[in-house]
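Everything on this sheet refers to the single structure shown next.
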Amino acid sequence: MPNRCIKEGDNPDLTKERKTCTFDTDELTANLYGSRNNMERRREITKKISADPDFADPIPHDFLSREKCIEATAKKTKAVVQRGSEFCDVTNYYEMLHLINEAIGIGGYPLALHYGMFLPALEGQAEKELTDDIIPRAKNLEVIGAYAQTEMGHGTNLRELETTATYDKATQEFIINTPTRSAMKWWPGNLGKMSNYAVVTCQLFIDGRKIGPHNFLVQLRCEKTHEPLPGIIVGDIGPKMAFDTNDNGFLALDNIRVPRKNMLMKHAKVSPDGVYTPPMHAKLNYGTMVYVRAHMLYAHGQFLATAAIVATRYSAVRRQGRIEHGVPEVQILDYQTQQHRIFPQIARAYAIIFTYMDIKDQYDAMIKGIAEGQTDLLPDLHAITSGLKSVVTHMAGLGIEQCRMACGGHGYSDASGLPKLYGVQIGGCTYEGENMVMLQQTARYLMKAVASALQGKPLSHSVAYFGKKSSGKSRIGKEGGDIAREHEAMLEALEHAACRLSVEASQMWEKRGRGGETKERAWNGVTVEMNRAARVHTRVFMARSFHRRVTSSPPSIRPVLTDLLSLYLHYECVDMAHHLLEDGFCSGEQIRYLKSRLYEDLTTLRPNAVSLVDSFDQSDRELNSVLGRRDGNVYEALYQWARKSELNYTDVLPAVQKYVMPMMEENRSKL
Ligand SMILES: CCCCCCCC/C=C\CCCCCCCCC/C=C/C(=O)SCCNC(=O)CCNC(=O)[C@H](O)C(C)(C)COP(=O)(O)OP(=O)(O)OC[C@H]1O[C@@H](n2cnc3c(N)ncnc32)[C@H](O)[C@@H]1OP(=O)(O)O
Ligand SMILES: Cc1cc2nc3c(=O)[nH]c(=O)nc-3n(C[C@H](O)[C@H](O)[C@H](O)COP(=O)(O)OP(=O)(O)OC[C@H]3O[C@@H](n4cnc5c(N)ncnc54)[C@H](O)[C@@H]3O)c2cc1C
């Protein structure tokens, strides 16, 4: 079967791997990106960008200062904006995402938050009077915006944000103010240097009454000079773990007046005479966060895929040690521990991307509903995206680290691309709601589902399985080798565990309440258990999504995807074995059975490992990794990469000349 990546001159070990492929990699790629046409379009974009001098990097960013990186990124961004239509359909979200990845990379660029949050916030929350004016100008990039919600003192607890927007009936304006140091906006991406506007989240005050957080459009800088406007202090918050090319910023506003229409009033409204009308759902103002949490899944699936590609290809190229005496050194991919480290990451990357596809469909349905005045899909989607955001970012972070360590010493070098990838990706555990906090949102929803299930009330999509009758004992290992039934048995076991953990967490909560604690204090005493239930529930959702996509995939790729799904489910069940054992639903013997099946899966997947990662179809530009390059010619490339280090511009460094040489000279003369 063809692996379409084979080319002459490639590392022979990689070619050998590609020749053992049992499926058509293009078919899998097309399935992953929605169609053959989408796959071809991606490749055209890659080809054009790779050949274009505007996007060439003579010196890798690894060797440049932050300011130089920002300059290079701004230059490329301008080229993307001015010449984007030469490369792709600029109205197509996925083509644009791919273009940005290819042309600019993942570390941030001047328009990241403009497109990622500023425009979605205006489109989702602002009323016609405001959108008619600002959206065409924002789309035309006459103005650039950020989403300024988090403050130095508060990010998670939006209810206590300190920035105020006080309505002045006399002038029909809002007065926006930063009352304390901790009220300064702190962290918003692209706020520091790039944006001249921002959607700013403020506590709305009318007639001295605090109404809660609402969003306002505020101009920050002069459209001609780009200087901050009077009363506005804005800047960059300094170096951070990653996102070097994003100017995450600070902002203080000194009684800045904006017209009434600058409040984002699609859902909540303030009339000219100061009458407040609440939204049809209390949290519609938080809609931009739901949007980003849903779409983050795709990016984080791709981040994990990148790491899996790098680790798998490198492990096929790297030979070290022997499994048996008297035979040549083996490819490190032949070690069982290496397979156990990397293959689950491949499976999880597929699982995350497939889950995203389901969520995207649900998100679109919810938006359609809201447009028709219905918000009934929002609570379920908010709950599951909160869980997915947390589980996926954590899973991807752990997976990238595993892949990095699987590359040995070279994984620690920036040449691998993995340290930077980890730095960028792991931010996702914090932004868009810290993971522990977002899991509690899911848990809250589970508690309601437990109550509904006990009362026989209808259950919504993500928790529908709470209504199933449990068989009491798992069928794992008792299906006589019928793979479809085996999969169903594992899914059933995971659902049983998620349901049981939710019920137990609910009982613990209730018990503390009966012991005299307030509901809220009691909640804090059981949040570890609550979050555990939320995590397992979310992992069930992912497993179901993956299963659905595999069972409905075209027959040509179903066998390899079924193998991958087997590995995924066996790995998930072994990883969560304690939950399956705790109440005796599964026996120790069944867990031992799952482990032996997992080790068989590693062997089964071994011949297709490289082809499965090739099917992610990430180009060398996107990978940005010497170790993961498609041709596998790693060692020469590693040397050429290191040669570019600025320490190698001269054979004798000024620092050596100035301090180290005189020191050695002094020491010699002392003898
Ligand atoms: C040329 C270039 C072209 C490019 C084109 C390409 C385009 C690419 C675009 C996009 C790709 C997408 C990726 C974009 C990347 C962006 C990078 C992101 C950078 C980071 C940004 C940020 O971090 S912004 C700041 C985020 N901040 C947070 O997330 C704060 C977290 N806190 C909260 O959300 C809330 O405070 C919290 C939910 C924790 C609690 O809220 P609270 O008001 O206290 O409510 P609570 O009492 O807990 O609950 C009450 C009730 O409300 C329900 N609920 C809460 N939140 C929501 C919600 N969002 N939606 C619906 N319902 C919600 C909750 O469940 C409760 O319900 P009940 O139990 O009462 O029924
Ligand atoms: C790379 C990056 C980009 C960002 N971009 C933006 C942006 O564009 N716009 C923007 O507005 N913001 C942005 N942020 C800010 C981000 O949204 C917040 O940092 C995030 O929401 C977490 O809030 P916090 O910093 O207040 O953390 P904190 O809430 O202070 O969290 C600290 C610790 O307290 C715990 N904790 C807090 N509350 C609870 C609770 N109720 N229960 C249990 N534990 C709790 C947390 O779990 C965590 O362990 C960005 C942040 C980063 C890192």
Side-chain angles (χ1 to χ4, degrees), residues 77-82 84 88 90-101 103-104 108-121 139 141 146-161 185-191 195 198-201 212-213 237 240-243 246 248-249 251 281-300 366 375 378-383 385-386 389-390 423-424 426-445 447-448 520 523-524 527-528 530-531:
T77 303
K78 185 175 175 207
V80 167
V81 168
Q82 293 183 334
C88 75
V90 293
T91 62
N92 181 312
Y93 174 84
Y94 296 97
E95 290 196 12
M96 272 314 272
L97 271 187
H98 185 56
L99 176 63
I100 301 290
N101 276 346
I104 302 174
Y109 64 103
L111 305 177
L113 272 294
H114 179 83
Y115 286 109
M117 293 196 84
F118 179 72
L119 264 170
K139 284 195 167 161
L141 293 175
Y147 183 81
Q149 181 174 289
T150 305
E151 297 172 355
M152 196 189 270
H154 288 95
T156 294
N157 189 8
L158 300 179
R159 292 186 199 206
E160 300 300 329
L161 290 179
K185 295 292 173 190
W186 201 272
W187 271 113
N190 299 133
L191 173 70
S195 301
V199 166
V200 181
T201 312
I237 63 167
K240 45 202 182 271
M241 188 162 168
F243 281 118
N246 196 308
N248 291 80
L251 171 70
H281 182 288
K283 299 298 174 195
L284 275 178
N285 288 342
Y286 293 179
T288 315
M289 290 179 278
V290 178
Y291 165 82
V292 176
R293 285 171 200 143
H295 286 80
M296 273 171 73
L297 304 179
Y298 182 71
H300 286 257
M366 181 202 73
T375 56
L378 178 59
D380 196 58
L381 192 71
H382 164 63
T385 49
S386 298
K389 178 268 173 208
S390 308
V424 166
I426 205 69
C429 293
T430 306
Y431 65 66
E432 282 315 323
E434 209 284 328
N435 280 356
M436 294 299 146
V437 176
M438 297 323 292
L439 283 169
Q440 289 180 56
Q441 290 291 309
T442 314
R444 263 175 94 125
Y445 192 69
M447 293 307 103
K448 288 189 187 163
E520 294 76 14
W523 178 268
N524 192 45
T527 35
V528 172
M530 288 288 171
N531 281 4

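As the structure lists them, so they are numbered: ligands from 1, and atoms in each ligand from 1. Just so you know, these numbers come straight off a predicted model, no measurement behind them.
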If the cut-off is 4.0 Å to any non-hydrogen atom of [X], which atoms of ligand 2 fall inside it?
{"X": "Tyr147", "answer": "7 (C), 8 (O), 9 (N), 10 (C), 11 (O)"}
{"X": "Met436", "answer": "47 (O)"}
{"X": "Thr430", "answer": "19 (O), 20 (C), 21 (O), 22 (C)"}
{"X": "Gly433", "answer": "21 (O)"}

[X] and ligand 2 - part of the residue with a heavy-atom distance under 4.0 Å:
{"X": "Asn246", "answer": "neither"}
{"X": "Glu432", "answer": "backbone"}
{"X": "Thr201", "answer": "neither"}

Side-chain donor or acceptor of [X] paired with backbone N/O of [Y] under 3.5 Å:
{"X": "Thr442", "Y": "Ala383", "result": "yes"}
{"X": "Glu434", "Y": "Met436", "result": "yes"}
{"X": "Asn190", "Y": "Tyr109", "result": "yes"}
{"X": "Lys139", "Y": "Leu119", "result": "no"}

Between [X] and ligand 2, is there a nitrogen or oxygen pair with a distance under 3.5 Å?
{"X": "Trp186", "answer": "no"}
{"X": "Gly155", "answer": "yes"}
{"X": "Glu434", "answer": "yes"}
{"X": "Met117", "answer": "no"}

List the residues meeting side-chain contact (heavy atoms from CB on, under 4.5 Å) with Asn435, not counting sequence neighbours, and say none if there are none.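 Here the qualifying residues are Lys389, Ser390, Thr393, His394, Cys429.
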Run the ring-ring contact (aromatic ring centres under 6.0 Å, His included) test against His114 and tell me which residues pass, sequence neighbours left out.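 In terms of ring-ring contact (aromatic ring centres under 6.0 Å, His included), with neighbours along the sequence ignored, His114 is linked to Phe118.
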My understanding is that only residues two or more places apart in sequence, or in another chain, count here; which of them pass salt bridge (Lys or Arg N to Asp or Glu O under 4.0 Å) with Glu160? Lys210
Measure from atom 5 (N) of ligand 2 to every heavy atom in Trp523, Phe118, Phe243, Trp187 and give the option owning the shortest one.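 Comparing heavy atoms across Trp523, Phe118, Phe243, Trp187, the nearest one to atom 5 (N) of ligand 2 lies in Trp187.
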Taking the minimum heavy-atom distance to atom 44 (N) of ligand 2, which of Val437, Ile426, Val200 ranks first?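 Ranked by closest heavy atom to atom 44 (N) of ligand 2, first place is Val437.
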Which protein residues have a heavy atom closer than 4.0 Å to any atom of ligand 1, listed by chain and number? Tyr93, Met96, Leu97, Ile100, Tyr109, Tyr115, Gly116, Met117, Tyr147, Gln149, Thr150, Gly155, Thr156, Leu158, Arg159, His281, Lys283, Tyr286, Met289, Val290, Tyr291, Arg293, His295, Leu378, His382, Tyr431, Glu432, Gly433, Val437, Gln441, Arg444, Lys448
Surrounding NZ of Lys78 (heavy atoms of other residues, nucleotides or ligands, distance under 6.0 Å), is the total greater than 12?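 No, not enclosed.
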With a 4.0 Å cut-off on heavy atoms, does Gln440 reach ligand 2?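 A heavy atom of Gln440 does come that close to ligand 2.
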Would the Tyr93 and His295 ring centres measure less than 6.0 Å apart?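 That pair passes the under 6.0 Å test.
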